[in-house]
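Note that ligands are numbered from 1 as they come in the structure, with each ligand's atoms numbered from 1 the same way. Computed from a predicted model, the values in this text were never measured in an experiment.
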Amino acid sequence: MQRVLLLGGGHAHVQVVAEAARLSAAGAAVTLVSDSRLTPYSGMLPGVLAGRREAGAMMIDLAALCARHGVDFIEARVEGFDRAARAARLADGRTIAGDLVAFDLGAVPDLSAIEGAAAHALPVKPIAAFLDAHARLVGAMERGEVRSAVVVGAGAAGVELACALRARAGAAPRLTLLDPGLPLSSLNAGVRRRAARALARRAIEARSGRAVAVTAAGVVLADGAAIAADAVLLTGLARPPRWFARDGLPVTEDGSLATRDTLQLVGEDDLFATGDCGHVVGQTYPKAGVFAVRQGPVLARNLLARLERRAPERWRAQSAFLVLLDLGDGTALGGRGGRLAFEGRWARALKDRIDEGFVARFR
Ligand SMILES: Cc1cc2nc3c(=O)[nH]c(=O)nc-3n(C[C@H](O)[C@H](O)[C@H](O)COP(=O)(O)OP(=O)(O)OC[C@H]3O[C@@H](n4cnc5c(N)ncnc54)[C@H](O)[C@@H]3O)c2cc1C
């Protein structure tokens with residue numbers, strides 16, 4: 001019997017688990033290892049932060065999903081990988097090997113990139129830990145103990161996080177969104193213009209600058225300026241686990257697992273990577289859940305193809321993809337490709353339908 005080992009319960013792997021019957025029918029025993037029984041679907045996080053959804057609504061129960069599809073689930077943290085033995089080293093001292101191994105471990109903010117961040121900043125990932133910290137922060141804002149916050153990183157996560165804070169904590173706290181570039185700089189000009197207006201309407205100051213240090217007093221910028229703040233939240237700066245490179249796995253410049261367009265690691269036929277922890281060499285696309293979601297079905301088919309000794313299919317990142325940002329007030333801001341930009345209540349309803357539809361597949 002062939003062993004298929006899935007490391008990390010990310011957006012691609014939940015889809016492989018849901019399709020595991022096909023792998024079992026081809027003679028494979030499938031195991032999923034993830035560090036927590038519940039994995040969050042980040043698209044719903046802004047709704048949770050704004051207080052309109054329960055945290056449970058965005059969680060996929062990996063143990064239950066695995067049980068339904070005949071997959072063994074191991075709740076453990078992966079801390080290393082023995083490439084020759086194709087075996088993961090777990091934090092509890094165990095090792096677990098696979099004939100085919102896939103990585104979908106996501107990425108977490110690299111706190112070492114900003115001095116003092118580990119001591120003074122709240123990273124948005126891992127999401128489960130952030131939810132507790134966020135609840136305490138909102139409470140302190142409501143009591144007037146925290147009167148200002150800086151959100152570092154003005155990508156989709158930063159914009160949604162700042163809007164959710166405004167929705168939750170009211171008009172009083174001073175909120176700043178800090179980024180070296182403009183908010184949503186990777187999206188089209190129409191979306192950027194709408195985002196600038198949406199932030200201004202919410203009295204969220206979009207400030208240009210690179211954070212180099214976080215202290216108890218706020219953020220220090222590369223040009224020496226400082227922003228005083230009672231709380232600092234960190235988005236962006238995500239990087240994959242450092243042990244990928246340490247353990248001799250092929251990595252790109254930013255430390256992601258380097259894959260071919262078949263999602264197989266460069267130089268390996270039996271190792272695969274998807275989502276934020278990997279990158280297809282030669283293709284340009286950002287780290288976003290939408291790509292992990294799109295890679296899931298291809299990964300499932302390519303694992304099956306490998307078991308059946310068939311040629312794998314190729315994955316290509318779509319150049320235009322739909323972006324929908326929850327603005328925390330019942331509306332969403334959206335866009336696609338180089339031109340399309342829109343916002344409104346209907347956009348939030350569309351986002352809810354897509355997000356709820358995804359999570360419902362794994363319930
Ligand atoms: C506020 C916010 C909003 C966002 N909104 C969007 C959006 O609307 N659209 C979009 O496309 N993207 C969005 N993103 C980005 C999105 O979260 C990520 O791109 C996406 O989660 C990546 O999916 P993944 O499968 O790579 O990994 P993840 O979803 O991060 O899953 C990784 C899994 O592996 C587990 N794991 C991690 N490390 C280990 C380990 N060492 N051992 C065992 N298990 C481990 C984790 O617990 C988790 O279950 C948002 C991000 C944030 C923070």
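Heavy-atom contacts of Val290 reach the following atoms of ligand 1: 10 (C), 11 (O) (cutoff under 4.0 Å). Atoms of ligand 1 found under 4.0 Å from any heavy atom of Gly275, numbered from 1 in the order shown, are 26 (O). Close approach of ligand 1 to Ala292 is summarised as follows: ligand atoms under 4.0 Å from at least one heavy atom of the residue are 23 (O), 25 (O). Those atoms of ligand 1 with a heavy atom of Val124 less than 4.0 angstrom away are 53 (C). Every atom of ligand 1 with a heavy atom of Gly8 under 4.0 Å away is listed here by number and element: 34 (O).
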| Would Phe342 and Leu324 satisfy side-chain contact (heavy atoms from CB on, under 4.5 Å), going step by step from the backbone distance to the final call? | CA-CA 9 Å; Phe342 52 85; Leu324 286 165; 3.6 Å; yes
| task | Check the pair Glu313 / Asn302 against side-chain contact (heavy atoms from CB on, under 4.5 Å), numbers first and verdict last. | result | CA-CA 6 Å; Glu313 77 181 69; Asn302 282 358; 3.5 Å; yes
| message | Quick one, Arg361 with Gln15, criterion side-chain contact (heavy atoms from CB on, under 4.5 Å). Give me CA distance, side-chain angles, the key distance, then yes/no. | response | CA-CA 9 Å; Arg361 287 166 54 196; Gln15 298 178 80; 3.2 Å; yes
| message | One pair to check against side-chain contact (heavy atoms from CB on, under 4.5 Å): Val159 and Leu333. What are the steps and the verdict? | response | CA-CA 10 Å; Val159 169; Leu333 164 62; 5.7 Å; no
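Comment: Arg239 does not engage Asp254 in a salt bridge, judged by the lack of any side-chain N to carboxylate O separation of less than 4.0 angstrom. For the pair Asp61 and Arg68, the salt-bridge criterion is not met [side-chain N within less than 4.0 Å of a carboxylate O]. Note on Arg53 versus Asp326: no salt bridge recorded, every NZ/NE/NH1/NH2 to OD/OE distance being 4.0 Å or above. In summary, Asp132 and Arg136 do not engage in a salt bridge, as defined by a charged side-chain N under 4.0 Å from a carboxylate O.
A ring-centre distance under 6.0 Å is found for Tyr285 and Trp315.
Using a 4.0 angstrom heavy-atom cutoff, Leu45 counts as in contact with ligand 1. The closest approach between Ala76 and ligand 1 falls below 4.0 Å for a heavy atom of the residue.
Proximity of Asp276 to ligand 1, defined as any heavy-atom pair under 4.0 Å, is shared by backbone and side chain alike. Contacts between Ser34 and ligand 1, counted as non-hydrogen atom pairs separated by less than 4.0 Å, involve both the backbone and the side chain.
Across Glu79, Glu160, Gln295, heavy-atom proximity to atom 3 (C) of ligand 1 is greatest for Glu160.
Within the 4.0 angstrom cut-off, atom 32 (C) of ligand 1 has one or more protein heavy-atom neighbours. In this structure, atom 9 (N) of ligand 1 is not in close contact with the protein, since no protein heavy atom lies within 4.0 Å of it.
At the shortest separation from atom 2 (C) of ligand 1 among protein heavy atoms lies Ala157 CB, 3.5 Å. The protein heavy-atom contact nearest to atom 24 (P) of ligand 1 is Asp104 OD1, 3.5 Å. Given atom 27 (O) of ligand 1, the protein heavy atom at minimum distance is Gly106 CA, 3.3 Å. Counting only heavy atoms of the protein, atom 47 (O) of ligand 1 lies nearest to Asp35 OD1, 2.6 Å. Of the protein's non-hydrogen atoms, the one nearest atom 37 (C) of ligand 1 is Leu105 O, 3.1 Å. Of the protein's heavy atoms, Ser42 OG, 2.6 Å lies nearest to atom 17 (O) of ligand 1. The shortest contact between atom 15 (C) of ligand 1 and any protein heavy atom is with Gly289 N, 3.9 Å. At the shortest separation from atom 49 (O) of ligand 1 among protein heavy atoms lies Thr39 OG1, 2.6 Å.
Every residue two or more places apart in sequence or in another chain was checked for a salt bridge (Lys or Arg N to Asp or Glu O under 4.0 Å) with Glu75, and none qualifies.
Checked by distance only, ligand 1 and Val78 come closer than 3.5 Å through their nitrogen or oxygen atoms.
Proximity of Thr235 to Phe130: side-chain heavy atoms (C-beta onward) are nowhere separated by under 4.5 Å. Using a 4.5 Å heavy-atom cutoff, the side chains of Asp99 and Met1 are not in contact.
Between the side chains of Lys125 and Ser42, no donor-acceptor pair of N or O atoms lies under 3.5 Å.
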